[in-house]
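Proteins come first, then strands; the chains are lettered A, B, ... in the order of their sequence lines, and each starts at number 1.
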Amino acid sequence: MRRYFGRKLLIYGLTFFVAVTVNWMIPRFMPGDPVASMVARANVTKPEAVEAMRAYYTNLFGLDQPLWQQYLNFWGALLRGDFGVSIWLFPTPVSDVITTAVPYTLALIVPSVLLSWVVGNRFGAYAARRKLLDNTVLPVGYVLTAMPYMWLAVLLAWAFGVILGWFPVAGGYSFSMRPNWSWTFLLDLLHHWTLPFLSLFLVALGGWAIGMRNMIIYELESDYSNYLSALGAPSRLIRRYAFRNAVLPQITGLALQLGVLVAGALVTEIVFAYPGLGSLILKAIQNKDFFLLQGTFLFIVLGVLIANFIIDIVYVVVDPRTRAGMAGAQA
Amino acid sequence: MSLQVSELKVHYRTLKGDVRALDGMSFGLGDGEILGLVGESGCGKSTLGKSLIRMDGRMRRVGGTVVLDGRELPIDDDRAMNEFRFREVSLIPQYAMSALNPTRKIRRMVTELLRSRGAALDLAELERRMAQVGLPAEVLDRYPIELSGGMKQRMVMVISTLLDPSLLIADEVTSALDVSTQKAVARALLGFRESGYVKSMIFVTHDLALTHHIADTIMVMYAGRLAEKAPADVIVKAPRHPYTKLLLDALPEVGVRYADRRLEGIAGSPPSLLNPPAGCRFRDRCPIAGEECAEDPPVAELAPDHHVACWKA
Ligand SMILES: Nc1ncnc2c1ncn2[C@@H]1O[C@H](COP(=O)(O)OP(=O)(O)OP(=O)(O)O)[C@@H](O)[C@H]1O
Ligand code: SF4
Ligand SMILES: [Mg+2]
């Protein structure tokens with residue numbers, strides 16, 4: 001057990017290290033000079049002033065030091081939770097900008113991923129081997145998964161937002177409101193949350209349902225199911241076993257899909273102008289705010305890694321075979 | 001007579017048409033009798049075994065009846081068959097190595113299976129039977145992957161016979177095992193009959209020599225039909241059907257079995273069961289085939305308990 005998690009942690013550590021390094025490299029080796037663009041935005045015409053500002057910012061962002069020093073500084077700052085200062089919202093620290101956006105993204109991703117997984121698995125398992133349902137679930141499921149996130153988001157926004165007018169199509173809350181802890185505001189939040197949530201939920205739902213349906217059919221045709229049927233065991237028992245065994249690959253699937261799901265959420269946020277990390281990335285790109293971009297990416301990578309690690313733990317808890325294998329099987 | 005199969009015809013529905021895997025099989029099996037069922041790959045042995053306990057979705061009974069202990073088995077009614085399964089007819093499947101749910105400890109799986117059939121687990125009895133095949137009781141607290149292949153096989157044997165079925169079908173239970181383990185499994189099966197856990201048994205195999213050790217009667221099948229059925233000694237010492245004779249010639253010496261020297265020794269191959277030719281199905285490969293063989297040879301009882309389907313036997 002310890003060795004297993006030790007190995008896993010090492011892999012995650014390495015991944016994180018590579019991600020941080022790449023992240024550090026990108027803005028530094030990318031065309032376009034963030035300092036120049038900031039200075040340009042300040043609209044200063046006097047050359048000495050421009051020079052002074054440039055020196056100030058270069059020093060502030062630590063760009064005047066040798067690369068290896070910058071790299072070490074970067075790690076040092078990172079470990080202190082310091083992602084630098086945003087250029088777009090200068091001089092707000094990047095970590096503050098991210099902190100305000102994260103709750104929105106989490107509120108979208110966590111429920112949509114978990115709910116679509118649970119509901120999709122239940123539904124797919126139920127549909128498998130039930131002709132009528134199967135014939136409807138399968139095509140609908142395929143249409144849903146085949147749909148790009150953005151496309152479904154646009155469709156929903158158009159149908160329920162523009163045509164029917166039931167839901168707002170932009171923002172995390174109404175422009176006329178100030179965030180506070182009143183019921184009216186919470187309802188308003190929920191109202192804005194519904195459509196982006198729904199589009200994420202629906203696209204993922206189809207995939208899980210189809211995956212589960214196929215896994216269940218595979219399990220129901222496996223040897224242990226046939227043996228139980230031959231001994232006259234009721235299909236209730238056999239289906240229970242099949243579901244239990246089919247869930248395991250779905251957990252692995254969740255870990256594998258996590259990156260795609262997060263990417264989908266970021267795109268969906270942009271479509272709905274939802275004030276989460278996705279919109280932040282767009283803003284950062286538009287404003288050449290490399291530090292914000294860097295911070296956001298790092299934050300996402302870290303989040304995905306942590307989620308993956310949690311799934312790993314859950315998998316070990318649910319699959320007796322990995323547990324038995326780790327305890328050292330005796331034959 | 002504990003089992004009576006009459007004119008049983010079972011076909012597989014396929015896109016190309018019906019595969020006549022069983023084409024009019026008739027035979028009987030007495031109380032306490034072990035019937036060895038042999039024949040080349042694809043001759044319908046597993047189909048017969050499955051027909052007696054659980055037909056798969058593509059199998060259709062086209063005709064014939066199966067009567068066990070005086071009651072007709074509703075073999076093509078999956079629900080009605082449930083009452084007979086496990087209690088009256090049971091199975092040690094060809095795939096015994098993978099027959100146990102990998103994510104359940106064996107104790108829990110057995111308990112849940114028995115409860116689902118309305119039977120309680122008699123732990124002492126279970127452990128006694130496990131001990132009889134050399135399985136320690138602590139095996140119950142393991143997952144199937146923690147058992148060796150031979151242990152899984154023996155565990156399945158014990159589970160399958162837990163409700164003392166009248167008829168046990170053992171399909172190729174020895175194929176995947178080495179020679180000494182094969183002997184042990186054969187001994188265990190004989191022990192099960194001795195102890196009264198099963199009354200009669202159909203022992204399906206490719207291996208004529210091994211069958212001779214365990215079976216009272218041997219039935220040779222060819223292309224979905226009975227070729228010859230007689231007491232084991234008679235089949236081995238005085239076979240009448242040309243196919244049986246060739247099978248025996250393919251073995252160097254009965255009782256001695258060389259690795260991989262199986263039933264592949266006969267030139268030619270059996271006819272397709274999709275559209276089997278008229279007349280004797282062995283005609284293409286038969287060294288003594290004649291004019292009359294263009295007609296189906298009926299199964300005749302040449303001597304008491306010695307049935308042969310051949311014009312020239
Ligand atoms: N699901 C199926 N669909 C169509 N044809 C099948 C199916 N299963 C078996 N058959 C055909 O039925 C015939 C009998 O098959 P069966 O499995 O009973 O043979 P067997 O004697 O058990 O062979 P083996 O010794 O290889 O196990 C074969 O010709 C086979 O091709
Ligand atoms: S009936 Fe004719 S072809 Fe068939 S086994 Fe007998 S002799 Fe050979
Ligand atoms: Mg077979």
When you compare the side chain of [Y] with that of [X], does any pair of heavy atoms fall below 4.5 Å?
X         : Y         : value
Asp223(A) : Met97(B)  : no
Tyr241(A) : Glu112(B) : yes
Tyr227(A) : Ser98(B)  : no

Taking everything shown except [X] itself, do over 12 heavy atoms lie less than 6.0 Å from its [atom1]?
X         : atom1 : answer
Phe16(A)  : CZ    : yes
Met147(A) : CE    : yes
Tyr126(A) : OH    : no
Arg122(A) : CZ    : no

Closest non-hydrogen atom pair, Leu237(A) against Ser116(B):
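Where Leu237(A) meets Ser116(B) most closely, the heavy atoms are CD2-OG, 4.0 Å.
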Locate the shortest heavy-atom distance separating Ala230(A) from Leu91(B); write the atom from each residue and the value.
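In this case the closest contact between Ala230(A) and Leu91(B) is CB-CD2, 3.7 Å.
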At a heavy-atom separation under 4.5 Å, does [X] approach chain A through its side chain, its backbone, both, or neither?
X         : answer
Ile159(B) : both
Val156(B) : both
Arg85(B)  : both

Show the atom names and distances, to 0.1 Å, of all donor-acceptor pairs under 3.5 Å that link a side chain in residues 250-261 of chain A to residues at least two apart or in another chain.
residue: Gln250(A); atom: NE2; partner: Asn121(A); partner atom: OD1; Å: 2.7
residue: Gln250(A); atom: NE2; partner: Trp208(A); partner atom: O; Å: 3.2
residue: Thr252(A); atom: OG1; partner: Leu248(A); partner atom: O; Å: 3.3

Are Arg117(B) and Leu231(A) close enough, and set up right, to give a side chain to side chain contact (heavy atoms under 4.5 Å, CB included), and what steps lead you there?
CA-CA 9 Å; Arg117(B) 295 303 319 271; Leu231(A) 297 186; 5.6 Å; no
Begin from the C-alpha positions of Met109(B) and Leu228(A) and carry the test side chain to side chain contact (heavy atoms under 4.5 Å, CB included) through to its verdict.
CA-CA 10 Å; Met109(B) 192 229 122; Leu228(A) 288 171; 4.0 Å; yes
Of Val318(A), Asn245(A), Val247(A), which is the lone residue that meets side chain to side chain contact (heavy atoms under 4.5 Å, CB included) with Thr103(B)?
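Of the listed options, the one satisfying the test is Asn245(A).
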Would you compute the distance between atom CG of Asp56(B) and atom OG of Ser229(A) and round it to the nearest 0.5 angstrom?
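Reported value, rounded in 0.5 Å steps: 11.5 Å.
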Gap between atom CG of Asn226(A) and atom NZ of Lys50(B) - 0.5 Å precision:
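One gets 8.5 Å once the value is rounded to the nearest 0.5 Å.
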Could you look at Arg240(A) and say if it's the side chain, the backbone, both or neither that has a heavy atom under 4.5 Å from chain B?
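Contact with chain B is through the side chain of Arg240(A) alone.
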Residues from residues 298-308 of chain A approaching chain B under 4.5 Å (heavy atoms)
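Interface residues of residues 298-308 of chain A: none, nothing closer than 4.5 Å to chain B.
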